[in-house]
Enquirer: 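Quick one: the structure is below, questions incoming.
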Amino acid sequence: MDANVIPQVIEYLSKKGYSKTESMLRQESANQDVDGRPINTKAEETGGAKYGKAFGLMRSWVEESLDIYKPDLRRLLWPVFVYSFLTLASDFSPKDSSHFFESFKSGFEKEHEDDLRALRPISLPEHVLNSDVAKIYRGNKYRITLSQVAFLNLVQFLESKEKDGGAVIVGVIQSHLQVITIDRVADDQNSLARLLKRARASEEHPAEDEGIPGHNPGSANVDRSAGSTVLTRLKLGHMPLESDLMSDVRAELEEEDAKNPPVSGQDSLIQHFEQRIKREESEDAPTRSELQLPPSIARDVAMEVQKVKEDRDRFKIEGRTGGVGPGVSVTMFTFHNTYDSINCLDFSEDNMLVAAGMSECYIRVWSLDGKALPTMAQPGSTEQPPSASRRLIGHSGPVYAVSFSPSVASSNPLAPSTNSKHLLSCSADKSIRLWSLETWTCLVVYKGHDHSVWDVKWGPFGLYFLTGSLDRTCRLWRTDHIEDLRMFVGHDKDVDTVCFHPNSAYVFTGSSDRIVRMWAVANGYPVRMFTGHTGNITSLACSPSGKILASADDAGTIILWDLGPGKLKKRMRGHGKGGIWSLSWSVESTVLVSGGADGTVRIWDIAIGNDASGQGRVIGEGGAGQKIDGNAAQMHAVAGAGTKKKGKDVVVTSDQISAFPTKKSPVYKVRFTRQNLVVAGGAFLT
Amino acid sequence: MSVWNPENIKDVAESVGITSLNDDVLQALCSDIEYRISQVLEEALKFMRHSKRSTLTTQDVAQALRALDVEPLYGYESTRPLRFGEASIGPGQPLFYVEDEEVDFEKLINAPLPKVPREITFTAHWLAVEGVQPSIPQNPTAADSRNQELVPKGQSANPHMAAMSGNENVTVKPLVKHVLSKELQLYFEKICSALLDESNNEYRIAALASIRSDPGLHQLVPYFVQFIAEKVTHNLKNLFVLTQMMLLTTAMLENSNLYVDPYIASIIPPVLTCLVGRHLGSLPDALAAYDLRRLSASVLSSITKKYSKSSHMLKPRLARTCLKHFLDPTKPLGANYGGIIGLQAIGGPEIVRALVVPNLREYEDLVKDAIDAMDEGKRHEGEMVIKALLEALVSLEEESVGAVNGFTNGHSVEWRKELGDKIGDLFAERVLELGKPRLVKAIMEC
């Protein structure tokens, strides 16, 4: 149609008095340019660019919104960013997606560094279907909790800006997010005061119930259909002693008491056993029938007796006496000339041996006292001469974890030996090996994992062990079975670290998907799930009391989880970046020790909380060092956080008792002995 | 758009016989390659992380390829980090390649075997004892770990601040005094009593030797400083105690494991007291105090040598004090003496030239009085001062270079006159008596 026709027609219509037809034509022709092509006024019709426009619009709106909603709304930016990007990559051109990524990635680097790195190269639809990270995001709905008012504000804004891109955002939210709104007046947990407090915390940390795949708010329940109040009941008590074993131990203790009467002021061994150690069947303890263990032998009796002795004579850490943290002693074993080839370390519980897994596929065991290692081989045979260290050769890939079987220092030479007899190791060659520490040979090769095995741990009673692998599974094994007994499947990425509950009825797994899961051994079901880490989980440790789990990530955060209610207890920060390789609890479960890549051993107080002071967020950190208190500080932090993100990364929370730096030696392993001395091991790097 | 160079793909395509490649295909392949590489790297990082390393090795990449079901690249495994050479094949087109030395097989076979790398060993030490990190060589010093964040800071760290901002359930730590372990306390007492024990020489020497060399005494430094200050103030009459305190100071300064810098300001006053004090020791044997003054001067000299770098005002301030005591006629000769040797100790010839020589003429009268005095003791003191001054002057000679061919007697009268004008007759005479022409020259040049 000729461009001049319409005005002519309109003129004609008005002349003739067809006013209704005329106005209709005017209206309809308004959306066409002079050439008669439709004009795009709606943002969603501009192709790939619409996402960039819409996201920019939303981001600037979030930054301008009221301070109390800002933290909530800011958390919304990340999922919208990711889903927009993935949609762009799969439906539009690579140019659009990379342009979008580069222009909006700033601001997410701190919390989502790894994800950003994984997403950046995605540019083609095939990649979206192939990439692990993209699969996780596309396959699940991102769960986020918003306060009702904030959510209504958002919806209102998006509707008012519908044509400028609001509709795009609405689309993303509808199809990929699961927004849960909570009325903050009704819910005590989300009162205004609480929200204000959380404002500061959530600047840096996701809420516990945020992320993928969602679960019930404030609940560790893995079953999404169950209500938030329904949690599987856990039996966190100690495993009771076998009755035969108990009577044997008692007899032995009485004999021991008669031989060496206790020093004045000291309990006799039998008293100590009855009062503190004795474990009987109780309601919150698993029964012995749930876990199959062989009948006790003389070695078990000797071990129990020695444990009672060590427990009585230990260095007692009785909380904070006079407000000062307990003074803990640390012995550091530094390895030299390693050329960074040590992958992992383990100390035996009898403090006699140390084992190192090497990247050169072998394991090396030393005796800590420098004496020759005992061997069963007959003298004069082809065995190598006795020496203080031995190599165990068998793996065909780097060894990633070693673990000594449970043991106790033996004080009585006549009693059966209670030393560590076996060593487990796992490697990139997908196998786990069991080594004898008497003949120094490999006894069993356990195969089952599909990829390299990252971690292996002995169960607290021996016999059982646990492995975690790159194939995203965690498996439970029994040394006398060649195949795994249980497979714990559920993590979206590698299972990096595993750990047993002290009663052996539960196991924990930590994964690169930043989630810690708890599983019941008896039936293999998941019973708890803990989210909140912002880095890959590098280490786990359950307290001897069985009530608290500590998990650490490579961003330098340690989180304590209350197992019963499944809640985050507190977040402890202080370690530098690069991974906290090991955690260990004191006998009393009041002190935690950690060691990591930053070359420090740090001691943490469990009893005091740091929650009230904004999860350790330092007000005015790294800036002019101004000190503001009360509300002013909160408002300031909220207002200033957008612009002032720089400053020191490392913040040390107030519940750190002390930190001991080493000389350029990353700490691979820390362990509290049964007498509350800390043993640490690391390699000196030149 | 893509980081990967499309030319590269073309080359590969041509090598398999595809000569014309669509541009779109090229782009798609480019971004796909980029994605695959990052996928491999992402996987390799996992292996690096689990090896607890911070550098990615070729082995990590090989493992990652295996994990992704790809055949690993062989031939790159190396214990050393790979070195990349750069070759330019065109403008803006650098080509990187792995530098691989050509090895002559003959040579390799005949070469002696390479050294066996050292065995992995381990050592044990105390990283902390009852919550305190001992300062032993195996542990980093306070200076090493200064840039690490070790203690809580900020609002949350200070319980008082936290309590003020309405924060409940804050456990308030009591103000903790410097906690000393029992062993250290005992050690301190033993050392103190040993030093003050006049009868047992061996015991004293052992104590000083211990302070001179033992690591781990850092916590005791403030206590020793306090001890020295107190003993010096209260025992001005007791030369033995003062001497011991100076020896203790020297021993502390000599211990390389101690970080004394912050305490220098508190260490100096006792040393100065022993150097230029009005009356040291009991009167009858006033001369005995001169030994002490000499000792203190040497302590002072070692302090200035060691610490004038860290506090640049140290030297000028000490020089001013010494000069004041040197030129004050109301002070006894002992104090003057201290001032002189102090000056020499602080700055050597330079200071002597700048501060001592110009003042000698005026000072001469004072010394003359002393030498002419009836009192024998005073005369001796005068002699000591003259000796000190001469020594100071002699140091000038060592400094000066330049050949002076011995002077003849004929000149001596002229020289004497000139010298007398410059530094006073008394000193001129003494200097000439030494018979050192170069010294005379050096003084004249001042």
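Throughout, a chain's letter reflects where its sequence line sits, starting with A, and its residues are numbered from 1.
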Enquirer: Do the non-hydrogen side-chain atoms of B:Lys46 and A:Asp494 ever get within less than 4.5 Å of each other?
Expert: yes
Enquirer: Of all of A:Ile342, A:Asp132, A:Leu470, A:Val399, which one pairs up most often with chain B through heavy atoms under 4.5 Å apart?
Expert: A:Leu470
Enquirer: Identify the two heavy atoms, one from A:Gly397 and one from B:Gln63, that lie closest to each other, and give their separation to 0.1 Å.
Expert: CA-NE2, 4.4 Å
Enquirer: Could you name the residues of residues 35-44 of chain B that have a heavy atom within less than 4.5 Å of a heavy atom in chain A?
Expert: B:Tyr35, B:Arg36, B:Ser38, B:Gln39, B:Glu42, B:Glu43
Enquirer: With a 4.5 Å heavy-atom cut-off, do B:His50 and A:Ser452 have their side chains touching?
Expert: no
Enquirer: Evaluate the side-chain proximity of A:Arg120 to B:Glu34: yes if any heavy-atom separation is below 4.5 Å, no if none is.
Expert: yes
Enquirer: Only counting residues at least two apart or in another chain, list the ones meeting salt bridge (charged side-chain N to carboxylate O under 4.0 Å, His left out) with A:Asp554.
Expert: none
Enquirer: Give the table of side-chain donor-acceptor pairs shorter than 3.5 Å for residues 121-137 of chain B, with sequence neighbours excluded, one pair per line with atom names and distance.
Expert:
{"residue": "B:Thr123", "atom": "OG1", "partner": "A:His336", "partner atom": "NE2", "Å": "2.9"}
{"residue": "B:His125", "atom": "NE2", "partner": "B:Asn139", "partner atom": "OD1", "Å": "3.1"}
{"residue": "B:Gln133", "atom": "NE2", "partner": "A:Pro661", "partner atom": "O", "Å": "2.9"}

Enquirer: Taking all non-hydrogen atoms of both residues into account, name the closest pair between A:His127 and B:Ser31 and its distance.
Expert: CE1-O, 3.4 Å
Enquirer: Okay, side chain of A:Lys663, backbone of B:Pro140: is any donor-acceptor separation there less than 3.5 Å?
Expert: no
Enquirer: Specify the closest pair of heavy atoms between A:Ser359 and B:Gln59, including all atoms of both residues, with the distance to one decimal.
Expert: O-NE2, 3.8 Å
Enquirer: Using non-hydrogen atoms only, which part of B:Glu119 is less than 4.5 Å away from chain A: side chain, backbone, both, or neither?
Expert: both
Enquirer: Rounded to the nearest 0.5 Å, how far apart are CD1 of B:Ile120 and OG of A:Ser389?
Expert: 9.5 Å
Enquirer: Distance from A:Tyr339 atom OH to B:Arg118 atom CZ, nearest 0.5 Å?
Expert: 6.5 Å
Enquirer: Using side-chain heavy atoms (C-beta onward) and a distance below 4.5 Å, is A:Asp340 in contact with B:Lys52?
Expert: no
Enquirer: For B:Asn22, enumerate each residue passing the side chain to side chain contact (heavy atoms under 4.5 Å, CB included) test, keeping only those at least two apart in sequence or located in another chain.
Expert: B:Asp24, B:Val25
Enquirer: Assess the residue pair A:Thr334 and B:Gln138 against the criterion (side-chain contact (heavy atoms from CB on, under 4.5 Å)); give the C-alpha distance rounded to whole Å, side-chain angles, the decisive distance to 0.1 Å, and a yes or no.
Expert: CA-CA 9 Å; A:Thr334 313; B:Gln138 288 93 328; over 6 Å; no
Enquirer: Looking at A:Leu368, A:Val601, A:Val678, A:Ile603, which one has more heavy-atom pairs under 4.5 Å with chain B than the rest?
Expert: A:Leu368
